[in-house]
Every structure is written in structure tokens, then in C-alpha cells.
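What follows is a set of notes on a single structure, which appears directly below.
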Amino acid sequence: MVLLNQKFLSIQRFVLHRRIDFTYSLALLVQIVQEGTCFPKFMHTIGVIGLGYVGLPTAIGFHDAGFNVWGVDVSQRTVDMVRRGENPTGDPDVDDIVPTPGTERWNITTSTAEAVPHCDVVLVTVPTPITHDLKPDLSYVEAAGRAVFEAIPKGTNTIVVLESTVYPGVTAQTWLPIVEELGLVIGEDLELAYCPERFNPGDAAHGVRQVARVIGCENPEIGAKLVQLYSKLTTEDVRYVGKLEVAEAAKVIENVQRDINIALVNELARIFPALGIDVEDVLSAAATKWNFHRYTPGVGVGGHCIPVDPYYMIQRAANIGVPANLISAARAVNRSMPVHVASVVIDLLNSSGILPQNARVLLMGWSYKAEVGDPRETPAEPLAIALMEKGIHVSAWDPHLDGTLLEGVKVVESLADASGYDLVILVTAHKACLDADWGLLKNQMRHPILYDGRRVLNLDKMKELGWKISAVGMP
Ligand code: SAJ
């Protein structure tokens, strides 16, 4: 009786709060009548293809939610680490949650062919990077899809969900030809759906179990079942939004919007200093208005999402001959920031009588953002390259990363050993950078010049400590 109330409550909630797809609620109703439960009885085993920053916490989330889980990764190193209960990703939030060896319902393998026949639903969480000429690289999505489809037993109607960020149309355009080539039948052997990952790396409040999700699928019944499946993973809202392209487009524009908003403040961080105004003073003033959305200018936009996904939208628009001028312009502004910061730093050195070819610069942080150990698309790299091109000796300290960062960049293991530098650039706002002993570091400097590339330091305090200060967006 309780269950029945819950089910009708959930429908009522949908009706009340959403402009719903009638067929969807009908599908939910039919399923309740047929199966007597709103949790599809055949969804017991979940497969996750790709155990990276997204896939591993997702696999762990479904395991914690009570499902049998098969995790697959092509990397033997990743599989060996996960099997040992270790965390192969650079995300510290995953460190303590990897199931220990021998845990029930937890199967880790490099073989998609071994895993898929056990699975009712297969989630594909592989990278969608860009090529060197800034074009979408769908090779991982294609390869993962083919491996999954080749392993699906006929007649099992396995649901395959793409979670990677793509442009609208990729799920169908990339996977349907392979499905047809393999002679599989949608509705009998498999169903395709799209549910973009949205979790925010380094932000425990927005992990895979705390973010709202959207589901795109041509079949509303499957859409209904996936809403319930993901409702077991996340505490937040899960919504069926209709066709695949709607969900694909929703995710990519979430990141496009963020890139554009950041580009605006980065552009202002170049305009206002030329007017003798500090951009942060302006942003603080503007932020007193209720609908001003504040972003922070910085040395650049990194990671495998924000500086990448807009190129997917740019390509899709180009394919249909519609200009994406704003998206392209924003990308250009954000891409230019590391070189801009390098030129400001070189001016700072010159104005202090330090020839670039004799200068030694220390980068505080290398990861693309705070509290993660992730160097992908980090702005630190083009910044270091631009400085080294002028003959500057570049070193970097990042407690979240091990080993070589970039050829030519000297890795500093401990700040206590960091001495004889002429200028420090704060590149990543790790807590360890903010909490560093800036007084001690200042005393170890050849020239105590500090450039805050993230506008996170208390610059007045730094000045009191004797640093000569400058920062992005500061005149
Ligand atoms: N950044 C700025 N100024 C800001 C905010 C960020 O310069 O005001 C920089 C960061 O330092 C970093 C880059 O932008 O270098 C991206 O960092 P982020 O925290 O904005 O985003 P990601 O890449 O870690 O995660 C994003 C998130 N997307 C959105 O917030 C719209 C996350 O929710 C997504 O799940 C993720 O992309 C993804 O996987 O797509």
C-alpha cells in the first residue's frame, strides 16, 4: 500500500511540477501495473565503461545504492589499482570510497566482452576530447560503443547510456550505424539513451550522488525506467527530457555558458587595468546587484570540460552553416589568458630590472583547478611555455600532482627548498597554496615579486609581508 502511494506521489509530482510528456507518465503507469514496482525489476546489474574521473565514482555510487556493478577500463593499470581498492583518478574525493578487494557485487575487468552479458544497463563514461586542431574527437565513444554492442547478447534489450559530453546528435550518429552494421535491433537487443554526467570535480557537495540529472531517449518507457535508476544514484532531481538531442544539447550548453561567463570577466580583466581600475573592485561593486553573476578572472580555463566542450558546439553549428560567433569569441578570450599573463609577468620582471633570460619564476599550483590533481588542459602549460620561450627558468610546485609536469619545468617537491626565485605566480588556488608560509617564501626569494593569477590571495597582507604585488585584472 505504501509503495502504491509512493508511486502515485511520484506521478503526481511529475504532473504538478512538470510539463510532462503524456506518454512518459503512461509508460510509468503501465510499468507499475505490469511489474508492481516503480524500480524496474530487470535493472539489477549496471556496467560502467571507463573508470576515470566520472566512471569510477559513478560505478561506486551504483554499488553503494545496492546494484551489482561491472566496471570496465581498457587500462590494465587502472583495473589493477581499482581491484586493489586504490584510486587511479586524481580526485581526492574518491580516495576513501573505492571498494576493498573481494567486495560483493563489485566486478572490475579490462574486458567489455566479459562484463556486458551480465549487465541490464551499460553506462559509457569515456573521454570526449578535441584534436590538436580543436575538432571533436569521438574515437573513444565510437570504440566503446562498438565493444559494448559486439558483446550484447541478442534479445536482452540491454540499455546503453552515453554519459560523456558531446554535441547534439552524437549518440545516434555515432552508435546507430554500428548497431545496424552488427545486425542488432533497437527495442529487442538494446536501447540507446543519453544521461550526461554533471558532477563537479573537487567539490564534494556536487559529487555524482548530489547532482540533478536529465535523461534523453527516443523511447519514453525506457526514459521512465532510467529516471528511476538514476534516482537510486542521486539525491537530486532526475528528469526525462524527451529525445536524445535535447539532453545532449543541455549538457554542452551548461559548459558553454560557463566558458562565456568566464570569458567576460577575463576580457574585463584586460580592459579595466588599462583604465587604471582593478577588475575585482568593479566585480565586487557589480555583485551587489541581485542578478549579477560573478565569475573570477584568472590565468586561464583548464580541465577536460570547459575549454573543450564549446568546440563540440562550434563544430555542430559549422556542420549546419550557422555561425557560433559568441562561443568562438569566448573560447579565444579564455585561450589567450596564459599568454597575456606571461606578457604581464615579463613586463613586471623588466620593470624590476630583471632580464627574462636571467629570471627564475616559480608557479604555485599546476592543476587546472583547486583541490584536484588534474593537469588536463591546465593553463599552467601554455603559461610556462610562453615564459620559457623568453628564456625564463620555470619551476612549479603542486602538492596534488606527482612526477614530471612539462619538459623544461623543474618540479619543486617542497616549498622549504624553493629559494632564489625572482617572481611567484599563483596559478591554482589549492588550499595548500593559500595556506603556504608566504613570509618564509618571501625571505627565500631573490626578488619578492608576487603575481596572483586567481585573485584569491589577501594582497594587502602580502604587501605587509614585503612582497611586491600584482595580479590578473589589477592596474
Ligand atoms: N574558472 C575561472 N573562473 C571562474 C570559474 C572557473 O577561471 O569563475 C576556471 C577554473 O579555474 C578551471 C576552469 O575554469 O580552470 C574550469 O573549472 P570549473 O570548476 O568551472 O569546471 P570543471 O571543468 O571542473 O567542471 C565543469 C562543471 N560544469 C559547470 O559548472 C557548468 C561541472 O559541473 C561539469 O560536470 C564538468 O565541467 C563536466 O564534466 O562537464
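Here the structure is a predicted model, which is why all the values come from computation and not from measurement. When a ligand or atom number is given, it counts from 1 through the structure's own listing order.
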* Heavy atoms of other groups near Asp402 CG, more than 12 under 6.0 Å -> no
* **Heavy atoms from other residues, nucleotides or ligands near OH of Tyr140 exceed 12 (cutoff 6.0 Å)** => no
* With the threshold set at 4.0 Å, does a side-chain nitrogen-carboxylate oxygen contact exist between Arg213 and Glu197? -> no
* State, without any angle test, whether Thr171 and Glu248 hold a side-chain donor-acceptor pair at a distance under 3.5 Å. => yes
* To do: Using only heavy-atom distances, determine whether the side chains of Ser367 and Asp374 contain a donor-acceptor pair under 3.5 Å.
  => no
* Asked: Under 30°, 30 to 60°, or over 60°: which ring-plane class applies to Tyr312 and Tyr167, parallel, tilted or perpendicular?
  -> tilted
* Structure fact -> Distance filter under 4.0 Å, heavy atoms only, around ligand 1 gives Glu197, Arg198, Phe199, Asn200, Pro201, Lys251, Glu254, Asn255, Arg258, Ile262, Tyr295, Thr296, Gly300, Val301, Gly302, Cys305, Ile306, Tyr368, Lys369, Arg454
